[in-house]
Protein chains: 2
Amino acid sequence: MVREGALYATVAQALRDGISRGDYRDGARLPSESELAETYGVSRGTVRQAFAALRAEGLITSRQGARRMVLGGERVQGFSELISFSAWARAIGEQPSGRVIELVRRAATDPEAAELDVPPGAMIYHLTRVRLLSGQPVMVERTAYVERVGALLPGIDMATESITERLAELDVVFADADHGIDAVAAGPEDAALLEVPEGTPLLRTRRRGTDPAGNPLEFSIDSYRGDAVVFRVHNSVAATALARTGNPPRPTGSD
Amino acid sequence: MVREGALYATVAQALRDGISRGDYRDGARLPSESELAETYGVSRGTVRQAFAALRAEGLITSRQGARRMVLGGERVQGFSELISFSAWARAIGEQPSGRVIELVRRAATDPEAAELDVPPGAMIYHLTRVRLLSGQPVMVERTAYVERVGALLPGIDMATESITERLAELDVVFADADHGIDAVAAGPEDAALLEVPEGTPLLRTRRRGTDPAGNPLEFSIDSYRGDAVVFRVHNSVAATALARTGNPPRPTGSD
DNA sequence: GAGTGGTCTAGACCACTTG
DNA sequence: AAGTGGTCTAGACCACTCT
């Protein structure tokens, strides 16, 4: 168990550890807020903050009046796995690698300029890579970086290092990402790079990554072999915390 | 503006309204916590709870020391749009409809039993529908319902009503959903139902929906025309809802 | 240095689940 | 009826941003 900066993060990690270790099995009821508050010597609010994190991750249920329970299903944790191919590969026990097809500095196309929120024709860096899991090509990545970020790329060994992680060390931190996911047929170039027949179904994601202030850092179009990856989404009424739209049956009368 | 049950929900909705009304434009800085606390006559904690909801929705940024800002980009609303085709269709301004291919009560297959957390061979309801947007077939839906829920289906007009919304009125409420998204080639049956050539890329989602207590209610395999839909997901360091799961193509040689 | 968000505490009351 | 989570308050201190 690693010491985190915040108390609630420590408690949250302890609970995650307990769940993955099997102390709390699938469907098992977790300790109450007050129990945990006493155990860890923190206030109930801090325990609630820890639970909120696990709730957002889809790890546990939460209903008024009832103990929280562990939700089934294996989960991949963390924001970094979603934005970094390398981090994701390691998380599932695979060896990530990459082959750079092209890295150029050029004027942004109109769509790129729009996504990166830069003036039309502004200079950007564009990187094309094939990403491999244990030597097998599984994804073609075409990423446009804003100039400030792209200028750091030549100093990074893109075949072995994780760009995202290296950038983080250089204080370029990703905080938010929007993903658009659809399915397309492999064109000639993607088919060749992925070593599949033309027309093979590909899972394509278009992702815009932004820094903590909301400024776009990169815009990437990633095309995965359809048989190589599954995107998993967990969501809940709690995570979106939005009111129900329904019409509760009014006992009083008509409307 | 509708009165919500909780104070923080009222504040959150007021902020959403302000954003969509344009009071706070893209990139604009929002009022501080203390300002809002005074404005609405609530404590700072309540304001923070409201902001947390908007943060989880990907509507705003949040960094220590700096005012929160409005994030750009159109958003997918909430939980209901991901779990209900009808709700989603309406949200994008399309007319949803459905054509029932088959509704049967039968014994669950092993995978179905596992997903629905019922004993092997238990009775379930299985529904096959083609879903249409403005008359165009865009998705084939194959859903297994636990018996308790499926027994309600015959009373629902599945061609025009939203099953999810009708079930909510009957106190069958979805609270969580796990989605697995990948890309596959259309087989003969799907191709016929969707009126596309065999082999056309389809975006397939496998979804398990559970009630507030974590009990599975339905397991659905939805196959969308790849050119008809884009899934949008927002995630952030603050709230992670998306994950990739590996299914690496096995090299035939070593290992 | 002033302002702001992030964390934390110690209470309180209510709505809901459970035995 | 007891236990539990959901909401809310009123403070406090700290880390960080901004100008």
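Proteins come first, then strands; the chains are lettered A, B, ... in the order of their sequence lines, and each starts at number 1.
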request  = Starting at atom CG of B/L36, determine the distance to atom P of C/dG3, rounded to an integer number of angstrom.
outcome  = 17 Å

task = State whether A/R48 places a side-chain N or O below 4.0 Å from either non-bridging phosphate oxygen (OP1 or OP2) of D/dG5.
result = no

key: Touch class at under 4.0 angstrom, heavy-atom based, for A/Y8 against every strand present   = sugar-phosphate

query = Does the pair A/R207/A/D222 count as a salt bridge with the N-to-O cut at 4.0 Å?
reply = yes

ask   = Quick one: A/Y40 OH to C/dT9 C1', roughly how many Å, whole number?
value = 19 Å

ask   = What do you reckon, is CD of A/E165 surrounded by more than 12 foreign heavy atoms closer than 6.0 Å?
value = yes

query = For every nucleotide of nucleotides 10-19 of chain C, 5' to 3': is a protein heavy atom under 4.0 Å from its base (B), only from its sugar-phosphate (S), or from neither (-)?
reply = --B--BBSS-

inquiry  = Rounded to whole Å, how long is the line connecting atom CD of A/Q49 with atom P of D/dG5?
reply    = 16 Å

inquiry  = Taking A/M158's backbone N and O only, do any of them form a donor-acceptor pair with A/R129's side chain (distance below 3.5 Å, no angle check)?
reply    = yes

query = Residues two or more places apart in sequence or in another chain: which of them pass ring-ring contact (aromatic ring centres under 6.0 Å, His included) with A/F219?
reply = none

ask   = When the distance from CD of B/E33 to P of C/dG6 is rounded to whole Å, what number comes out?
value = 6 Å

message = Does D/dT9 have OP1 or OP2 under 4.0 Å away from a side-chain N or O of B/T46?
response = yes

ask   = When the distance from CD1 of B/I60 to P of C/dT4 is rounded to whole Å, what number comes out?
value = 15 Å

query = Sub-3.5 Å donor-acceptor pair from the side chain of A/T205 to the main-chain atoms of A/H179, do we have one?
reply = no

Nearest-angstrom distance from the residue atom CG of A/N215 to C1' of D/dT17 = 14 Å

request  = For D/dG3, take OP1 and OP2 only and decide whether either is under 4.0 Å from a side-chain N or O of A/S34.
outcome  = no

note = Of the candidates C/dG5, C/dC8, D/dG6, the side chain of A/S62 sits closest to D/dG6

ask   = Any idea which of C/dT4, D/dG6, D/dC8 is nearest the A/R68 side chain?
value = D/dG6

N/O donor to acceptor pairs below 3.5 angstrom from side-chain atoms of residues 109-123 of chain A, sequence neighbours left out:
from: A/T109; atom 1: OG1; to: A/E112; atom 2: N; distance (Å): 3.3
from: A/T109; atom 1: OG1; to: A/E112; atom 2: OE1; distance (Å): 3.3
from: A/E112; atom 1: OE1; to: A/R106; atom 2: NH1; distance (Å): 3.0
from: A/E112; atom 1: OE1; to: A/T109; atom 2: N; distance (Å): 3.0
from: A/E112; atom 1: OE2; to: A/R106; atom 2: NH2; distance (Å): 3.1

inquiry  = So B/I156 and B/L167, do their side chains get closer than 4.5 Å, heavy atoms only?
reply    = yes

